[in-house]
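Heads up, the thing below is written out as structure tokens.
Read the numbers this way: they start at 1 and go in the same order the structure lists the ligands and their atoms. Note: hydrogens, waters and symmetry copies are ignored here, and every other heavy atom, side chains too, is used. Residue numbers run from 1 in the order of the sequence given.
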Amino acid sequence: MITRYTCGTPVETYAVTADVPEGGALQHFSLDSREPFTFSCRLGADDLIFGLGETMRGINKRGFRYLSFNYDDPYHKDEMPSMYGSHNFFVVDGDRTFGAFFDTPARVAFDMDSAGDGTITVSCEAPGLCLYLIDGTDAYNVVKQFLGIIGPSFLPPLWAFGYGQSRWGYKSDKEIRRVADKHRALGIPLDYLCMDIDYMDRYIDFTVNGHRFPAMTQYVEDMKTKGLHLVPIVDAGIKIEPGNPVYDEGIQKGYFCTNREGENFQAEVWPGMTHFPDFLRAEVREWFGEQYKFYTDLGLDGFWNDMNEPAIFSTEYRAKTAKPDAERGDPVQPERHIADFKDFFHRLEDGTRVSNYEVHNIYGGLMTRASGEGLDRLLDRRYLLFSRSSYIGAHRYGGIWTGDNASTWHMLRQNVYHMPSLNMCGFLFSGADTGGFGGNAGRELLLRWLAVSVFTPLMRNHSALGTRRQECYRYQNPEDFKAVISLRYRLLPYLYSEFMKAALRQDMFILPMAFGFLGDETARRIEDQLLVGESIMIAPVLEKGALGRKVYLPEPMTEVRWDGEEFRCTGADAGTREITVPLNEVVFYIRKDCLVPVAKTTAASTAELDLSDVELLGTGTTYRQYLDDGYTKDCSLERCTVLQKEP
Ligand code: MIG
């Protein structure tokens, strides 16, 4: 049961697509103050809290504070209050089981019992908000109801589930081609390569640097014949440069955000001084979406939206007004994180002006919507789109990646924690920078990270300028990397099918153990094992130097060991066991009475993969496989066929 509780005059966020009735008296929370709107609720001693999407720390969010205020901070540490996205939905699981979604584009602070006295406090700095409250039989049931009101997930093409290689610093078509050739020569599967900001002319969106990429159309075509897609980055800001048609038209039509004085807001980002498109208006979104024609005309069908929190290097207003943090007394967020957004204004559909500070968290998600809707008009096939910033609802238009993590064991673990939390908020197509963005990835870390990424929808190796080169072939024994990545391709008949079924049913793809084994107290608290689709449980090795790990099985399962060549299946009893996992192997589990279809051979790219030529692993008797050509927009559960295991 879902009800809505409206406070003040909320700004439209487009998160909820269903018509949810107003519920009368406030349930579960008490409203303690109206400025800011502050809600509190009491927890039972053993209650857990799930949700909050892209936030740091574990799957159970209890015991800490979090903040929704999209921000680009490349130093991810547990204490950082907010990341790139705002996902204001959580579920209390315990004495009472209910979900709450605080739908507001403004800053929201969540104190999830940081004092340890059993209190949740949520403060919303907005003149209005809608609070959606969901009652359900268990936490998973609550999440499914929530996913039901925010609309279905974006559906990427099959190739987007392949392995992708990316790096900030690839300078030319030749360099990217060399990277691709190396993968092909060593038999490391690969489906796409990302082009970071250096493909552009002076970091200007919707341009190509003609010296570095002299024949882009031909290049895109050539790569496609090798089964490779190119994925350009697109930044939010438009360079101030008269003569550039996108800039000129934006100025002429009044499509950019303004400052306090009503002039176009200026901020320094990669291209120098830029203006930001006012994505809060439909007309502006439509215009921005049309600009992707520049890329689709080149034959491109994958896109990567960045810097859309928006990230800003500097503004004059910040230089003039920002007080040192010590003088401000904002306990959760440094001044430099917020000053820019108070001199940055939007015009809403009805003509009202609001500062970005008040609607900050929906900006990036609306960029995704603008590009997704544009691409939908431009292309008759599915395309890849993922974004850095997001708000709930943006999952209908594209995926997200979790931004500038680092090559550390801690961030590998965080990737595992993020996946179910993002799924609870609708972001099924997501993943982290495999191997870590900042810092230097060692061989062991990259191999263990790949073994996790095999199971995340977005599987992309990405690293920052100036860090150690992170392509698999740079490390000793590249065949070990090939072995791990090949598992992804062998598993794609299952992973693709499970993703599509979850998306079409408005369900989760990656779940916490708690959701799969209701009533099992151990499973309820486990954070380093996950469920992937309905048949697989993973228990990845997340510790440096570890030969293996301890695994908890809530029920008897099939233990599957992949050694790069074949699958070895053995029965495993319920309970706790110790497993050894060499760096070039992956162990995963198939749930009781379940099946996993695996491809009979691996492939250099998804273009060569036959999803219907499968072998069935596990002890189940039937599996419902979703199958299509990998591109069609006409997706429905009717495309499922039932596979039977021969006795
Ligand atoms: O200020 O385009 O998160 O993936 O490589 C950094 C360069 C801008 C941030 C993205 C990262 C990308 C980088 N970008």
Centres of the Phe288 and Phe279 rings: under 6.0 Å? yes
May I ask you to check whether Tyr489 and Tyr163 place their ring centres under 6.0 Å from each other? no
Whether the side chain of Arg369 engages the backbone of Gly393 through a donor-acceptor N/O pair (distance < 3.5 Å, no angle test) should be reported. no
Side chain, backbone, both or neither: which part of [X] has a heavy atom under 4.0 Å from ligand 1?
X	value
Leu465	neither
Trp401	side chain
Trp304	side chain

At what distance is the nearest protein heavy atom to [atom], and which residue and atom is it?
atom	answer
atom 10 (C) of ligand 1	Asp306 OD2, 3.2 Å
atom 3 (O) of ligand 1	Asp404 OD1, 2.5 Å
atom 6 (C) of ligand 1	Trp270 NE1, 3.6 Å
atom 5 (O) of ligand 1	Asp196 OD2, 2.5 Å
atom 4 (O) of ligand 1	His462 NE2, 2.9 Å

Do Trp168 and ligand 1 have an N or O pair less than 3.5 Å apart? no
Is the count of non-hydrogen atoms from other residues, nucleotides or ligands lying under 6.0 Å from Lys482 atom NZ greater than 12? no
Residues Thr207 and Asp201: side-chain donor-acceptor under 3.5 angstrom: no
Quick one: does NZ or CZ of Arg388 land under 6.0 Å from the six-membered ring centre of Phe437, within 45 degrees of the ring axis? no
